[in-house]
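Notes to accompany the following structure.
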Amino acid sequence: MVGWSSGWWGERMRLALSVLRSYLPPLLAHLLIGLPTAVVVGCARWYVAYGHCGSADLDRRDLDHCTYDQIESSAFVLVFLVVFAVLVALLLVLYDGLRPLRPRLLTLPAILLPYAAYAASGG
């Protein structure tokens, strides 16, 4: 019987492992960039929906259709959005700008995968 590494199957496995070895580090780096990107996209969505809620709305009878939690959280979410957006920009410059990872991946789809998984799960 022919050994596992000497036949057709062994050649295919070696090829698959070498391709995986070359693509795995850049993919992991971009997915790790995707985690703070998911926070940025989530904060941006919240801020677009409720960012108009502020302390001035407390004087209005209908609160401008805002809840007290939204009024209190508005500034916090804006700060969170800016800090994480700067972090994502810095990571992108470090990983893609200064020292591009080889093989080159499409950055935007790779960093948005964690957010797409969150959105697909009903978030």
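Because the structure is a prediction, the values reported are computed rather than measured. This chain uses plain numbering: 1 for the first residue, then up along the sequence.
No option in Val77, Val83, Val82 other than Val83 meets the side-chain contact (heavy atoms from CB on, under 4.5 Å) test with Val79. If you run side-chain contact (heavy atoms from CB on, under 4.5 Å) between Val88 and each of Thr37, Val41, Val39, only Thr37 comes through.
Contact record, Ile71 with Ser55: CG2-N, 4.1 Å, taken as the closest heavy-atom pair. Smallest separation of non-hydrogen atoms from Pro36 and Leu91: CG-CD1, 4.2 Å.
For Ser18 (side chain) and Leu15 (main-chain N/O), a donor-acceptor pair under 3.5 Å exists by modelled atom type. Judged by distance alone, the side chain of Ser74 and the main-chain N or O of Cys53 form a donor-acceptor pair under 3.5 Å.
Within the structure, ring pair (Phe, Tyr, Trp, His ring centres under 6.0 Å) pairs that include any residue of residues 49-71 comprise Trp46-Tyr50 (at least two apart or interchain).
Take Phe80 and apply the ring pair (Phe, Tyr, Trp, His ring centres under 6.0 Å) test, not counting sequence neighbours, and it matches Phe76, Phe84.
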